[in-house]
Amino acid sequence: AGCLGSALELKSPNGGEAWYVGESRNILWRSVGFTGNVKLESSTNSGTTWTTIIASTPNDGTHTWTVPNTPGNANRVRVSDATDGSPKDASDANFSIPDFTIGATPASRTIDVGASTNYTVSLGYLYGFAHPCTLSVSGLPGGTTASFSQNPVNPPATSSVLTVNTTGSPPAGTYTL
């Protein structure tokens, strides 16, 4: 339980960081005059509401967290006494969980045997996304190949051209790539 003079101080993430979905990151805190287990929580709305990361973990100053798929720029973490919530501390400012969007134009194409066609693959970066994006394509029928003009796409670049070639006699039909 919390007592007079005890304190917890969240060290990381403490604001301004960019932590990517699926990364294994260490939540770090400092404890003064407090030895009980701690509770860790995350918020996606600047601390208005909280979701439990772990209800009780040893007060050893570190907990490895797999960053959840909750992209946004209003994320915070809070550490508190696992028993009664006091002492506690939260990120001083928001950190981001970046994301990206992807699309292709045109939406569909008709390709004759022996011909090729191009699609523009466009990327949009959200909440400070800055990692390279490696592109791939699936669903190609036999007798076709595909290549990208730029792969990976490194921010701030926002597009690559996908070229689909028919090298043999693909079966007639409609294919979703």
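- Connection of Leu28 to Tyr20 is not established within any shared hydrophobic cluster, with ILVMFWY side chains joined at heavy-atom distances below 4.5 Å, either directly or through further cluster members.
- By the criterion of side-chain heavy atoms lying less than 4.5 angstrom apart, applied directly or through intervening Ile, Leu, Val, Met, Phe, Trp or Tyr residues, Trp50 is not grouped with Trp29; the two fall into different hydrophobic clusters.
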Validation: residues 151-162 side-chain donor-acceptor distances under 3.5 Å, sequence neighbours left out:
from   : atom 1 : to     : atom 2 : distance (Å)
Asn151 : OD1    : Leu135 : N      : 2.7
Asn151 : ND2    : Leu135 : O      : 2.9
Ser160 : OG     : Ser149 : N      : 3.4
Ser160 : OG     : Ser149 : OG     : 3.4
Ser160 : OG     : Gln150 : N      : 3.0
Ser160 : OG     : Gln150 : O      : 2.8

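- Among all heavy-atom pairs drawn from Ala82 and Ala55, the shortest one is CB-O, 3.5 Å.
- Counting all heavy atoms, side chain and backbone alike, Thr66 lies closest to Gly22 at CG2-O, 3.9 Å.
- Ser56 pairs by the side chain to side chain donor-acceptor pair (under 3.5 Å) definition with Asn37, not counting sequence neighbours.
- Sorted by first and then second residue, the salt bridge (Lys or Arg N to Asp or Glu O under 4.0 Å) pairs with a member in residues 158-173 form an empty list; sequence neighbours excluded.
- By the 4.5 Å heavy-atom criterion applied to side chains, Lys39 and Thr52 are counted as neighbours.
- The side-chain heavy atoms of Ile53 and Ile27, taken from C-beta on, include a pair separated by under 4.5 Å.
- Minimum interatomic distance between Val21 and Pro68 (heavy atoms only, all atoms of both residues): CG2-O, 3.5 Å.
- When all heavy atoms of Asn45 and Ser43 are compared, the closest pair comes out as OD1-OG, 2.8 Å.
- For the 3.5 Å distance criterion, the side chains of Asn14 and Ser91 fail to qualify, holding no donor opposite an acceptor.
- Evaluation of the salt bridge (Lys or Arg N to Asp or Glu O under 4.0 Å) test over residues 87-108, restricted to residues two or more places apart or in two chains, returns none.
- The side-chain heavy atoms of Ser12 and Glu17, taken from C-beta on, include a pair separated by under 4.5 Å.
- A donor-acceptor contact shorter than 3.5 Å is absent between the side chain of Asn165 and the backbone of Thr167.
- For the atom pair CG of Asp81 and OG1 of Thr35, the computed distance is 9.5 Å after rounding to the nearest 0.5 Å.
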Side chains of residues 111-121: which donor-acceptor pairs under 3.5 Å do they make with residues two or more places apart or in other chains?
from   : atom 1 : to     : atom 2 : distance (Å)
Thr117 : OG1    : Arg109 : NE     : 3.3
Asn118 : OD1    : Thr163 : OG1    : 2.7

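- No chain of hydrophobic side-chain contacts below 4.5 Å, direct or via other Ile, Leu, Val, Met, Phe, Trp or Tyr residues, connects Tyr127 to Phe129.
- Looking at Leu126 and Asn73, their side chains never come closer than 4.5 Å, going by heavy atoms from C-beta outward.
- Side chains of Val79 and Asn59 form no contact here, defined as non-hydrogen atoms less than 4.5 Å apart.
- Applying side chain to side chain contact (heavy atoms under 4.5 Å, CB included) to Val38 and the options Thr57, Thr83, Ile54 leaves one that passes, Thr57.
- Under the 30°/60° scheme for interplanar angles, the aromatic rings of Phe95 and Trp19 are found to be tilted.
- Arg76 is listed as a side-chain neighbour of Asn94, based on a closest heavy-atom distance under 4.5 Å.
- Between the side chain of Asn75 and the main chain of Gly72, a donor-acceptor pair closer than 3.5 Å is present.
- Shown here are the ring-ring contact (aromatic ring centres under 6.0 Å, His included) partners of Trp65, two or more places apart in sequence or in another chain: there are none.
- Between Pro171 and Pro141, the closest heavy-atom pair is CD-CB, 4.3 Å.
- Taking the side chain as every heavy atom from C-beta outward, Val67 and Ile97 approach each other to under 4.5 Å.
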